[in-house]
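Along the sequence shown, the residues carry numbers beginning at 1. Both counts, for ligands and for their atoms, begin at 1 and track the order of listing. The structure displayed is predicted, hence computed values, not measured ones.
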Amino acid sequence: MQENINRLRAEIEAYDLTAPEQLEQFRIAFTGRKGQLADLFDQLKTVPQEQRRAVGQELNQLKQLALEKFTQRQQELEAAAQNAPADATFDYTLPSAPNALGTRHPLNLVREEMVRIFSRIGFNVAEGPEIEDDWHNFTALNFPENHPARDMQDTFFVHREPGQTNDWLLRTHTSNVQVRVMESQKPPIRSIMPGRVYRNEAISARAHMMFHQVEGLFVDEGVSFADLKQTVYYFVQEMFGQDIQIRFRPSFFPFTEPSAEIDITCLICKGKGCNICKQTGWVEIGGCGMVDPNVLQQSGIDPEQYSGYAWGMGIERIAMLKYQIKDLRLFTENDMRFLRQFE
Ligand SMILES: Cc1ccc(OCc2nc(C(=O)N[C@H]3CCS(=O)(=O)C3)cs2)cc1
C-alpha cells in the first residue's frame with residue numbers, strides 16, 4: 001500500500017495541467033468516483049488494524065493535494081478566459097455546425113406555382129372555411145337535395161340534425177369559397193381558391209380522406225368559353241411546358257353548363273401513347289365549365305348582365321404528373337428520402 005501511495009503522490013505532483021482539457025482528465029484519473037484515490041481508499045480495509053489510521057491520514061493528505069492542484073489550475077483557467085480578449089479563446093474561422101435547410105413539400109411547391117401563374121394574369125387568392133354549411137357546399141352550387149355527393153358515403157358531416165338540411169360538414173371542394181366571394185363582391189371577380197378538401201371515401205381503396213384543390217372563378221360581363229380555354233391553356237403551358245397541348249371533353253357538373261374535363265398530352269410519351277396514359281396519349285388534370293346561371297343567381301349575381309367560368313384541379317394530381325410521383329401515400333408518409341428530392 002505504501003508503495004502505491006508514494007507512486008500516486010509522484011504522479012499527481014508531476015501531472016501536466018497546461019492544456020485545459022487535461023484538467024478534466026486529471027479529475028477522472030485521480031479524484032473522480034472511479035479514480036486511483038478511490039481505489040486506494042477501497043483497499044484501506046486490507047491494511048492491518050494498527051496501521052489503518054496512519055495510512056488513512058496519508059490518503060486524505062494525498063486527496064487534499066490532488067484537490068488543491070485541480071482547484072488552483074481551474075481558477076487560473078477561469079481568470080485567463082475572463083481577462084483574455086474574446087477572440088483569443090474562440091476561433092471564429094471554425095465552420096459552424098451544419099444546419100439542415102429542410103425542403104418545401106411538393107404540394108406546397110405546386111400550390112405556390114399555381115398561385116404565381118394565376119397572379120400574373122390578375123387573379124387574387126381567396127380563402128374560406130373548411131367546416132362549411134350545406135348551403136355554401138351544396139345547395140348554392142345547384143346540387144339537388146338527393147344528389148349522391150350529399151350522402152354520408154362521400155361527405156363528412158360534423159353535425160347532423162335528423163331530417164334537417166342545415167348540416168355542418170367538412171367541405172368536399174373549395175367551391176364554397178367561390179360562393180362566398182360571389183355573395184360578398186360585385187364583378188369583375190378574378191379569384192383562385194386553394195385549400196384542403198375532405199371526402200369520406202370509406203369504400204375506396206384510397207384510404208385518403210383529405211386532399212388539396214385549387215379552383216378558379218372569373219365573372220365579368222361578356223365572359224365566354226373561349227376565355228376559359230385560353231386561361232386553362234396558359235396555365236398548362238406555364239405549369240407543364242410550352243410543348244404540352246390540351247383538349248376539353250364534354251362532361252357534367254351541377255354548377256357549370258357547359259362542363260368539360262381538361263386533358264393534357266401525356267408528359268411521358270408526349271401524346272404517342274404509353275402505359276402511364278393507358279395508350280391514349282392524354283391525361284386528365286381537372287374539370288371546368290361556364291358557371292351555371294342559376295348558381296350566379298343564387299349568389300346574387302345577375303346572369304342577364306354577367307357570365308363566368310370556373311375550373312377545379314387536385315393539387316396531388318398536378319404534383320404527381322409534374323414530378324412523376326406514382327403513389328399518393330408518399331405525400332403524407334414524411335419519408336425524408338422522398339421529401340429531400342424537392343428544392
Ligand atoms: C360557384 C362555383 C361555380 C363553379 C365551380 O366550378 C368548379 C369546378 N370544378 C370542377 C372539377 O372538375 N373539379 C374537380 C377536379 C378534380 S377535383 O379536385 O377532384 C375537383 C369543374 S368546375 C365552383 C364554384
Legend entry - Qualifying residue, where the test is side chain to side chain donor-acceptor pair (under 3.5 Å) with Ser175 and the options are Arg180, His136, Glu215: Glu215
Inset, instruction - Mark up the atoms of ligand 1 that fall under 4.0 Å of a heavy atom belonging to Leu141, in ascending order. - result: 1 (C), 2 (C), 24 (C)
Legend entry - Which residue and heavy atom of the protein sit nearest atom 8 (C) of ligand 1, plus the separation: Phe255 CE1, 3.5 Å
Legend entry - Residue Glu215 vicinity, atoms of ligand 1 by number, heavy atom under 4.0 Å: 7 (C), 23 (C)
Inset, instruction - Heavy-atom distances under 4.0 Å are what count here, so tell me which part of Ala140 touches ligand 1: side chain, backbone, both or neither. - result: neither
Inset, instruction - Please report which non-hydrogen protein atom sits nearest to atom 4 (C) of ligand 1, along with the residue it belongs to and the distance in Å to one decimal place. - result: Ala310 CB, 3.3 Å
Inset, instruction - Pick one of side chain, backbone, both or neither for how Trp311 approaches ligand 1, counting any non-hydrogen atom pair under 4.0 Å. - result: backbone
Legend entry - Aromatic ring proximity, centroids under 6.0 angstrom, Tyr309 and Phe225: no
Inset, instruction - Examine the proximity of ligand 1 to Val197 and report which part, side chain or backbone, both or neither, has a heavy atom under 4.0 Å away. - result: neither
Legend entry - Aromatic ring proximity, centroids under 6.0 angstrom, Phe156 and Tyr198: no
Legend entry - Nearest candidate to atom 20 (C) of ligand 1, where distance is taken over non-hydrogen atoms, out of Glu257, Gln213, His173: Gln213
Legend entry - Centroid separation Phe30 to Phe70 less than 6.0 Å: no
Inset, instruction - Have a look at ligand 1 and work out which part of Val295, if any, has a heavy atom under 4.0 Å from it: side chain, backbone, both or neither. - result: side chain
Legend entry - Nearest protein heavy atom with distance in Å, relative to atom 15 (C) of ligand 1: Gly312 O, 3.1 Å
Inset, instruction - On the 0 to 90° scale, with breaks at 30° and 60°, tag the His173-Phe255 ring pair as parallel, tilted or perpendicular. - result: perpendicular
Legend entry - 4.0 Å heavy-atom contact, Met182 with ligand 1: yes
Legend entry - Carboxylate-amine/guanidinium proximity below 4.0 Å for Arg7 and Glu11: yes
Legend entry - Enumerated ligand 1 atoms positioned under 4.0 Å from heavy atoms of Met313: 18 (O)
Legend entry - Test side-chain contact (heavy atoms from CB on, under 4.5 Å) applied to Glu132 and Leu170, Leu169, Asp167, Val158, the passing residue: Leu169
Inset, instruction - Would you confirm whether Glu58, through its side chain, and Ala54, through its main-chain N or O, come within 3.5 Å as a donor-acceptor pair? - result: no
Inset, instruction - Measure the distance from atom 16 (C) of ligand 1 to every protein heavy atom, then report the residue, atom name and distance (to 0.1 Å) of the closest one. - result: Gly314 N, 4.0 Å
Inset, instruction - Look at atom 12 (O) of ligand 1 and say which protein heavy atom is nearest, naming residue and atom and giving the distance to 0.1 Å. - result: Gly287 CA, 3.1 Å
Inset, instruction - Please confirm whether the backbone N or O of Ala149 pairs with a side-chain atom of Thr155, one donor and one acceptor, at under 3.5 Å? - result: yes
